[in-house]
Structure formats: C-alpha cells, structure tokens
There are 2 protein chains.
Amino acid sequence: MELLARAEKSLIKAFDAASGQGAPPRLIAAMRDALFSGGARIRPQLCIAVAMACSEEEQALTDAAAAAIELMHCASLVHDDMPAFDNADTRRGRPSVHKAHGESLALLTGDALIVMAFDVLMNAPSKHPRRVLALLQNLSAAVGVPRGLVAGQAWECENTAELTTYQRAKTGSLFLAAVRAGALACGRDPDTWDELGDCLGLAYQAADDIRDVIADPQWLGKPGGQDALLGRPNVMHELGLTDGLAYFNQLMDRAVASVPACPCRELLQQLVRLESQRLIPAELIDHARHLPIWASSPERGSRHASLGMRSA
Amino acid sequence: MELLARAEKSLIKAFDAASGQGAPPRLIAAMRDALFSGGARIRPQLCIAVAMACSEEEQALTDAAAAAIELMHCASLVHDDMPAFDNADTRRGRPSVHKAHGESLALLTGDALIVMAFDVLMNAPSKHPRRVLALLQNLSAAVGVPRGLVAGQAWECENTAELTTYQRAKTGSLFLAAVRAGALACGRDPDTWDELGDCLGLAYQAADDIRDVIADPQWLGKPGGQDALLGRPNVMHELGLTDGLAYFNQLMDRAVASVPACPCRELLQQLVRLESQRLIPAELIDHARHLPIWASSPERGSRHASLGMRSA
C-alpha cells in the first residue's frame with residue numbers, strides 16, 4: 001500500500017475504534033474535523049517508511065505508532081489555533097476547530113486527541129509489551145515537559161527563549177519521535193535514526209518560516225505573516241530569503257545523507273528528496289522572486305542567540 | 001506511611017522527575033500551582049488503599065498509578081476553570097491557574113499534566129510490563145472518549161444529555177479508575193472493586209452538588225451556585241435537600257457494603273465512612289437547616305430522565 005494511504009487508514013482505524021459507542025456527538029464531530037481535513041500526514045508516513053526500512057514484523061504496531069504521532073500533531077494544531085495562542089480563523093483552508101465548533105469543544109477536542117494518541121498505542125496488538133512501552137515513552141517524551149511539543153508551545157509564553165531549544169521542542173520533537181517510532185516498532189535501535197529526524201524537524205520548521213513570509217494565505221490555507229504579527233522567531237527574519245533557502249537545502253541534504261544502511265536506503269532517500277520539493281515547491285520560489293524580500297538583506301544575528309519572544 | 005502523605009509523596013516524585021531539566025519556567029510554575037494547592041487527594045488515596053488491601057508487592061507501581069490518577073484530576077480542573085467552561089476565578093481558595101498565569105499557560109498546563117499522567121505510569125518500575133499496560137488502558141478509558149472525563153465535560157456542550165451518563169463520565173470514571181488501578185497494580189481482578197468505585201463516584205458527585213447549593217464560597221474555596229448559573233444538572237435541584245442527603249447516604253452505605261473480602265476489609269470500610277463525613281460534614285448540614293432550601297420541596301423528576309443542558 002502507498003505510504004499516504006496506509007497512514008490515512010491507520011488514523012481512520014484509530015478514530016473509529018475510540019469514537020464509536022455513546023460518545024457526545026458534537027465532540028466526535030469536532031474531533032473528526034480536526035483529524036480529517038487534508039493534512040499531509042508527513043509524520044506518520046515517515047514512521048511507516050522507517051519501519052519498512054527496518055523490515056517490520058508487526059504492521060499493526062507500526063500503524064498504531066504512526067496514528068499516535070499524527071493524533072498528537074492534530075491535537076497541537078487545535079490548541080495552537082485557539083484565541084489564547086495564534087487566534088487563527090482558518091486551517092488547511094477551512095474554519096479552525098474553535099471557529100467551527102466553539103472554544104469549549106476545541107479545548108476538549110485537543111484533550112481527547114492527546115488521550116486517543118496514547119490510547120491507540122497502548123491498545124495496539126503486539127507480542128512485545130516492552131516494545132509498546134518503549135513506543136509510549138518515545139511519544140510522551142516528544143510531547144510533554146521538559147522538551148516536548150507542549151514545552152515548545154510554552155516557550156512562546158516566556159520573555160526569552162533559546163531559538164533552537166524552542167524549535168526542537170515545538171517542531172523537531174515530533175519528527176524525531178516519528179522516525180524513532182518506526183525503529184522501535186521493529187525492536188531496533190532508534191538512535192541511528194536521530195540525525196534524520198533532527199534534520200527533517202529543523203528543515204520543516206525552516207520551510208514553515210519561509211512559507212509564512214512568502215506564500216499567500218490562499219496557498220497556505222491559513223493566515224500568513226503570523227510570526228511577525230505574534231513576535232515569534234522566524235528563520236527568514238534572521239537570514240533573509242536567499243540564506244534561508246540555502247539553510248533549508250543544507251538540512252535536507254544532511255537528512256538524505258543520514259539515512260542509515262538498510263535494505264531500502266535509496267528509496268527512503270528518494271522519499272526525503274520528494275518531501276523537500278513538496279515543502280518548498282519550485283513555483284513558490286519563482287513567486288518569491290517578485291517580492292521585495294528577495295532583494296532585502298536582513299540584519300544578521302546568531303541563530304543560537306537568545307531571542308526576545310512575546311510575553312504571556 | 002499515612003495514606004495522604006503517601007499520595008502526596010507520589011505526586012511530588014512524579015512532578016520532580018518530569019519537570020527538572022530545562023523546561024520553560026513559567027509552565028513549570030503553573031503546573032506546580034495546579035498540582036500543589038491543597039487538594040484532598042481522595043482518588044490517589046483510594047488507589048493506594050485498594051492496593052494495600054490487595055497485598056501489594058510493587059509499591060512504586062501503586063504510587064505511580066495513584067499519582068497518574070491525581071494528575072488527570074488536576075488537569076481537568078485547570079481546563080474546567082477556564083473562561084470557555086466555568087470561568088471560575090478561584091479554586092481551593094486561591095486564584096485559578098488561568099487567573100494567576102494567563103489562559104495560554106493554563107491551556108498548556110492541562111495538556112502537560114495529561115501527558116505527565118501517562119508518562120509517570122509508563123515509566124514506573126515494574127517486573128510486569130503487561131500490568132503497566134493494563135494500568136495505562138484503565139487510565140485512558142477513564143479520561144478519553146467515549147465514556148471518560150473529557151467526554152463527560154463534552155456532554156455539557158450538548159443540548160441534551162442523560163444525567164447518569166454525564167455524571168459517570170465526568171466524575172465517576174476517575175473514581176472507578178482509582179479503585180481498579182489499586183487492584184491492577186497488584187495483578188488482581190479489578191472488576192470486584194467496580195461497585196465501590198461506582199458508588200463513591202456517584203456519592204462524590206452528589207456531595208459536590210449539595211455543597212454547590214448549601215455551602216458558602218469561603219468554605220468551598222471556589223464560587224458557589226455554579227450549577228444553577230451554568231444550567232448544569234444538580235441532584236439538589238431534582239431531589240431537594242432532605243432526599244438529596246438521603247441519596248448521598250445510601251450511596252455511601254452501598255460503598256461500605258461493597259468492599260470485597262480482603263485482609264483489610266474493615267479498615268477500608270472505616271476509611272469510606274470517614275470520607276463520607278469529610279464530604280458532607282455535620283456542621284454543613286446544621287448550617288443548611290437555617291437556609292430556605294431546607295423547607296422547600298422541589299418538583300420531582302426521574303434522575304434517569306434526559307435533561308436539558310446548556311448548549312455549546
């Protein structure tokens with residue numbers, strides 16, 4: 001099965017299993033909107049691809065691990081869009097969950113998806129309970145304190161934050177968890193995949209920063225220029241477009257090179273290259289050549305410096 | 001060690017383990033406020049008491065299970081107090097988390113505590129990985145969809161809800177999970193403890209309803225009269241004070257009688273009786289005798305009827 005189709009199917013299965021019997025219908029409707037509104041499913045595809053490269057034995061366990069990662073990602077988007085954070089009215093070209101279903105249900109939708117993420121994993125069929133526990137620990141570390149996704153969001157409420165600490169927590173942690181989960185589901189050493197996860201996480205964040213500045217909102221499916229508006233760090237504000245793109249390309253090259261020796265190494269590398277083109281399509285760069293930012297040269301700062309961020 | 005002290009120690013240990021290294025300091029401060037502001041710790045004490053009655057072998061596993069239950073309870077209070085729900089300015093006599101730390105951090109505090117609850121359990125030292133997984137599944141069922149705590153909160157966003165479905169999900173599920181966790185941590189059959197958990201959950205909800213009407217806010221440590229204000233069902237609105245108290249006492253009697261045969265049956269029954277007095281102290285009933293509600297006779301409705309609730 002194609003990677004995207006398998007990732008999608010794993011999510012549908014997880015959602016159907018948890019939501020069927022006697023749940024509050026409005027909550028279920030909001031959760032369905034949060035999950036099935038056209039996400040790229042890049043994290044679960046990554047998890048499945050690594051598991052395939054590790055000669056997986058238990059496909060259902062890989063699928064559960066992949067779904068769990070995407071459930072956490074979707075939960076974070078719902079809470080992140082709320083008025084207390086980005087106050088974004090749209091997501092993927094549609095009304096955000098709190099816009100469509102109200103703030104109360106958006107809050108609960110995020111909570112329910114976090115719980116569902118752990119739930120699908122702990123209930124995955126497997127002959128190896130310690131493998132399941134390792135996958136749960138991998139997921140929990142990626143989303144909790146001190147260095148997971150929630151901590152990353154919380155750095156936005158501090159007056160100062162170290163940029164890479166913030167980006168690794170908010171974006172990188174779930175990419176790292178995705179590749180590690182692929183290995184862990186097969187009982188393999190996850191550490192050899194860390195470089196791939198780390199590079200992809202940083203590259204994805206850089207791409208998100210670049211798109212926030214140069215893409216128009218219709219293409220993005222959500223409001224643009226949010227980082228400047230909310231005083232959040234953005235690689236484009238520090239490096240400018242030319243160096244920002246070079247930084248993104250270097251990260252993707254490092255990601256390709258980092259894929260460890262395995263039966264499907266070349267296929268996996270090809271997948272990373274394709275993802276690179278999806279993240280920053282050639283036509284987006286062509287479009288940006290006509291923007292004033294193409295010529296502007298930002299004031300340089302160290303990417304590792306402590307950066308001012310909005311206060312709580 | 002005294003039950004309350006052991007429950008408190010298990011929480012401190014869980015919090016210290018997860019929050020120590022490099023987390024965003026404001027988030028940690030908000031989480032600390034959410035956890036350590038004078039909760040009665042009834043759920044973790046219940047879990048530990050049942051484990052003791054089941055001749056526990058792995059105290060650290062019981063402690064982790066107890067802490068996990070209380071972490072979930074505290075997470076639900078933080079999100080429940082927020083403006084999108086109860087909009088409560090105080091909790092346990094102090095500013096609620098969003099009042100003290102802002103809405104963004106309150107949202108993230110709830111998220112982080114949910115993750116921490118699963119985390120403390122999956123990282124608990126145990127020789128029995130399947131026992132740990134069973135404890136995780138027990139916790140997840142108690143908080144997620146379709147019938148856990150989050151579903152219970154979501155019933156408040158529906159136009160109609162079945163009262164016992166709502167109360168079992170919002171309050172009962174965590175009591176049930178607490179007693180079951182005590183048994184599961186010892187590898188025992190949790191089902192024999194269901195009647196105790198169910199009765200205590202319903203009794204606790206009834207006590208909460210009664211206190212919401214008759215106690216003054218200073219004694220409560222939070223605003224009173226919230227159910228009437230928010231259009232939520234309340235046993236007092238249906239049964240009145242005399243029958244409401246009788247209903248509460250019946251539930252506590254059933255809870256006492258339900259304790260299964262075990263080495264410490266009488267001690268555990270004594271504990272339930274003491275809890276009954278803590279929930280509805282004699283002086284609170286004396287105080288209520290002077291209120292107009294004492295004499296009033298409400299219009300009777302079936303406690304199992306479908307009840308109108310506020311819309312989202």
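Below, chain A is the first sequence line, B the second, and so on; all start at residue 1.
- For the atom pair CG (B:Leu133) and CG (A:Leu133), the distance works out to 4.5 Å, reported to the nearest 0.5 Å.
- With chain A as the partner, the residue from B:Leu108, B:Val145, B:Val150 showing the most heavy-atom pairs under 4.5 Å is B:Leu108.
- Taking B:Pro146, B:Ala169, B:Gly22 one by one and counting their heavy-atom pairs under 4.5 Å with chain A, the maximum is reached by B:Pro146.
- Of the listed residues A:Ser76, A:Ala112, A:Pro25, A:Ala106, the one with more heavy-atom pairs under 4.5 angstrom with chain B than any other is A:Pro25.
- The nearest pair of heavy atoms linking A:Arg130 to B:Lys127 is NH2-O, 3.9 Å.
- Nearest heavy-atom pair, B:Ala23 versus A:Trp155, reported as atom, atom and distance to 0.1 Å: C-CZ2, 4.0 Å.
- Ranked by heavy-atom pairs shorter than 4.5 Å toward chain A, the options B:Pro129, B:Gly148, B:Ala134 are led by B:Pro129.
- By number of non-hydrogen pairs under 4.5 angstrom with chain B, the leading residue of A:Met72, A:His98, A:His79 is A:His79.
- The contact between A:Met116 and chain B is made entirely by side chain atoms (from C-beta outward), counting heavy-atom distances below 4.5 Å.
- Of all heavy-atom pairs between A:Leu27 and B:Ala151, the closest is CD2-CA, 4.3 Å.
- Neither the backbone nor the side chain of A:Pro83 comes within contact range of chain B, judged by heavy atoms closer than 4.5 Å.
- A distance-only check finds a donor-acceptor pair linking the side chain of B:Ser104 to the backbone of A:Ala84 [under 3.5 Å].
- Each of A:Glu156, A:Glu158, A:Arg147, A:Gln153 was compared with B:Pro24 under the side-chain contact (heavy atoms from CB on, under 4.5 Å) criterion, and only A:Glu158 meets it.
- Taking B:Leu139, B:Val115, B:Leu113, B:Val143 one by one and counting their heavy-atom pairs under 4.5 Å with chain A, the maximum is reached by B:Val115.
- The candidate with the highest count of non-hydrogen atom pairs below 4.5 Å against chain A, out of B:Val132, B:Leu136, B:Thr165, is B:Leu136.
- Under the 4.5 Å side-chain criterion, counting only non-hydrogen atoms from C-beta, A:Asn159 is in contact with B:Arg26.
- The aromatic rings of B:Phe118 and A:Phe118 sit tilted, their planes meeting at an angle between 30° and 60°.
- Between B:Leu149 and A:Asp111, every side-chain heavy-atom pair lies at or beyond the 4.5 Å cut-off.
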